[in-house]
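Worth saying up front: this structure is predicted, and the values here are computed from it rather than measured.
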Protein chains: 2
Amino acid sequence: MAATIRDVAQASGVHVSTVSRTFSAPHLVNAETRTRVLAVAENLGYRPNRAARALTTGRTHNLGLIVADISNPFFPPLIKAAQAHARARDYHVFVADTDEDPQVEEELIQTLTKQVDGVLLCSPRLSNRAIERLRADVPFVVVNRRVKGMPTILMDVGQGARLAIEHLTRLGHRRIALLSGPGGSWTSGEMREAAAAMDGVDLVILGPNAPTEQGGLAVAAEVIASGATGVLAYNDLVAIGLIEGLYERGVRVPGDISVVGVDDIVSGRLNRPKLTTVAMPTAAAGRMAVDLLLQSVDDGATPTLITLETGLVVRESTGEARS
Amino acid sequence: MAATIRDVAQASGVHVSTVSRTFSAPHLVNAETRTRVLAVAENLGYRPNRAARALTTGRTHNLGLIVADISNPFFPPLIKAAQAHARARDYHVFVADTDEDPQVEEELIQTLTKQVDGVLLCSPRLSNRAIERLRADVPFVVVNRRVKGMPTILMDVGQGARLAIEHLTRLGHRRIALLSGPGGSWTSGEMREAAAAMDGVDLVILGPNAPTEQGGLAVAAEVIASGATGVLAYNDLVAIGLIEGLYERGVRVPGDISVVGVDDIVSGRLNRPKLTTVAMPTAAAGRMAVDLLLQSVDDGATPTLITLETGLVVRESTGEARS
DNA sequence: CTGAAAGCGCTAACAT
DNA sequence: ATGTTAGCGCTTTCAG
């Protein structure tokens, strides 16, 4: 059995509370005693039990981070940024994957509730109602979804969509296909709204599609049939899958059809053609989400709304429309 | 404040221990009482506090899963399989990313120690000595690294390397480059050993390389200079980066140089050319790792060694050597 | 079948 | 500066 605070106390001839203090409030204990206790602790391999500590302090110093699909390369930069940022604040981030399943998502939150001080919900598939209900149990920060009255980080994908479509129209494309994402996706809704509000484009909406390469691959035939020459895909994965699907059918990108993705994942830069895409500020979002969450853990939830700008990165998957 | 067991006890007019039993040993409590307690609990939104429960039972019902780099697509299938498998056994898996940093890895393990019942160490960068020291604190299962006396899951990448090189030689390649991985990588060592032991190949070892597309991109010039016509890359990411680097330099794959990767990640199938690769049984490894870990949590560590077969998937990135 | 009491490892007033 | 005491939320003997 691992050493407890009691073992250390006994072995160093002080009371447990003194040992406790040497770890949680070192300045309150005599330097001499402290060194001795520390030495004994080191010797016994003692480490404070965070779970037990949490029971009295009410602070676990853990955060939960829930994502819909860990294998989507969109998330890792966000996760890494959040973990690094949290670590610097002496917090630890636990990541969990919901497999795009709202039910699993809800169970996960329940499980996490008492083991973390707050949870980061990234692109949740859960209904707003469910989220609002759950918020009684644990502080939340929501990323990429609008839930009123809750601290939220949004990446302005609507603006990104406008940028992308303007880029496409400037290249002479008139008929543009929007490949929407999964039903519950806020991002997808934003894109659709932004696109629909634009003048001078002949918009065709295809989907919902799975937010994966498979999703893009599967919709390729439909895209061709639609007669669109410009495409804005739900994300880079879909864009890459689509390009592959088009390629297999002898349709060239950007020669025949121009494709724009969303996210700016690493492999988009290594795809051939290199992907034109709407860059999402994921790392920044991860950091700000942690800050916001920590803040609402300390001071109660302030329903702040932070909107992060997106930008268009033009690479090789878009070009002039054939005349 | 969320409802505690005491609130439920009070509101349903029974002792806390009865409430406790209702949740952890339902068969020991009168059906009638049980329904009443359950109703009250539901009503109050009561959920047992797992951390507190852990304090008395010594079981958190959590597992930790540590990976070197969550953005490497090799890991997600393993993570997902482990999470799903664990969930079915009423365990939850917390994932953490070490950023390929042994120091961070060690801290993470320390943090996790008391909050989980066991830790899955995937492709650790930590030294064997450090791992052996840490094992006193928490049960481990190690994946893709040989640590003597510890439960271990290995994917037989040595065999995979042999398969790949045989494939290459059969296609007429004589001079073959092995792109090794990061210094601390067990996998990389296995591949090198297997390759070195093969007759009739003129082996050149290039590296260490970062286990990423960047790593592959960066080594492209060296590969060309080496005069090798066949390449076995540390993993698919490196292979994809390499192909891109070669392409930029006007070298064709598989026309001029054949490339084999390792892992069989999804995007390898969508790359152009589709990647020939050594398929790693990651999902199976994730499931077995959970089983092994749970077993060693229950019965103490049995130093089992499980070796999983790998296989070669031939696609389009390999072809006949130019004569 | 249910209640009483002790205790898991730790912290937080309150004394001294 | 250190010791005392109580208690966080829960489980687990042990009685009854």
Counting only side-chain nitrogens and oxygens, does [X] get under 4.0 Å of the OP1 or OP2 atom of [N]?
| X | N | answer |
| --- | --- | --- |
| S20(B) | dT11(D) | yes |
| R6(B) | dC8(D) | yes |
| S17(B) | dT12(D) | no |
| R53(A) | dC8(D) | no |

Measure from [atom1] on [X] to [atom2] on [N] and round the result to the nearest Å.
| X | N | atom1 | atom2 | answer |
| --- | --- | --- | --- | --- |
| L28(A) | dG3(D) | CG | P | 14 Å |
| N30(A) | dG3(D) | CG | C1' | 15 Å |
| Q115(A) | dC10(D) | CD | P | 13 Å |
| K114(A) | dC8(D) | NZ | C1' | 11 Å |
| R50(B) | dT11(D) | CZ | C1' | 15 Å |
| L44(B) | dG9(D) | CG | C1' | 15 Å |

Scan Y46(B) against the nucleic acid and name what it touches under 4.0 Å (heavy atoms): base, sugar-phosphate only, or nothing. sugar-phosphate
So what does V14(B) touch, heavy atoms closer than 4.0 Å: a base, only the sugar-phosphate, or nothing?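 Sugar-phosphate, backbone atoms only, no base.
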Aromatic rings Y91(B) and H61(B): how do their planes relate, parallel, tilted or perpendicular, breaks at 30° and 60°?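 Y91(B) and H61(B): parallel rings.
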Looking at the side chain of [X], which of [options] is the nearest nucleotide?
| X | options | answer |
| --- | --- | --- |
| T18(B) | dA1(D), dG9(D), dG3(C) | dG3(C) |
| N49(B) | dA1(D), dC10(D), dC8(D) | dC10(D) |
| V29(A) | dT2(D), dG9(D), dT12(D) | dT2(D) |
| I5(A) | dT11(C), dT2(D), dC10(D) | dT11(C) |
| H15(A) | dT5(D), dA1(D), dA4(C) | dT5(D) |

Ignoring hydrogens and geometry beyond distance, is a side-chain donor-acceptor pair present between N128(A) and R145(A) at under 3.5 Å?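 Per modelled atom types, N128(A) and R145(A) side chains form a pair under 3.5 Å.
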Let me spell it out: for each of R34(B) and L55(B), pick the nucleotide of DNA chain C with the closest heavy atom. Which residue's pick is nearer the 5' end?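 Looking at DNA chain C, the more 5' nearest nucleotide goes with R34(B).
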Could you say whether P48(B) or R21(B) is positioned toward the 5' end of DNA chain D, judged by the nucleotide with the nearest heavy atom to each?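 Mapping each residue to its closest nucleotide by heavy atoms, the 5'-most match is P48(B).
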Provide the closest heavy-atom pair for R6(A) versus V16(A) in the form atom of the first, atom of the second, distance. CA-CG1, 3.8 Å
Taking all heavy atoms of S123(B) and all of N144(B), pick out the closest pair and write down the distance.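 Closest approach of S123(B) to N144(B), heavy atoms only: OG-CB, 3.9 Å.
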Find the distance between CG (L154(B)) and CH2 (W186(B)) and round it off to the nearest 0.5 Å. 3.5 Å
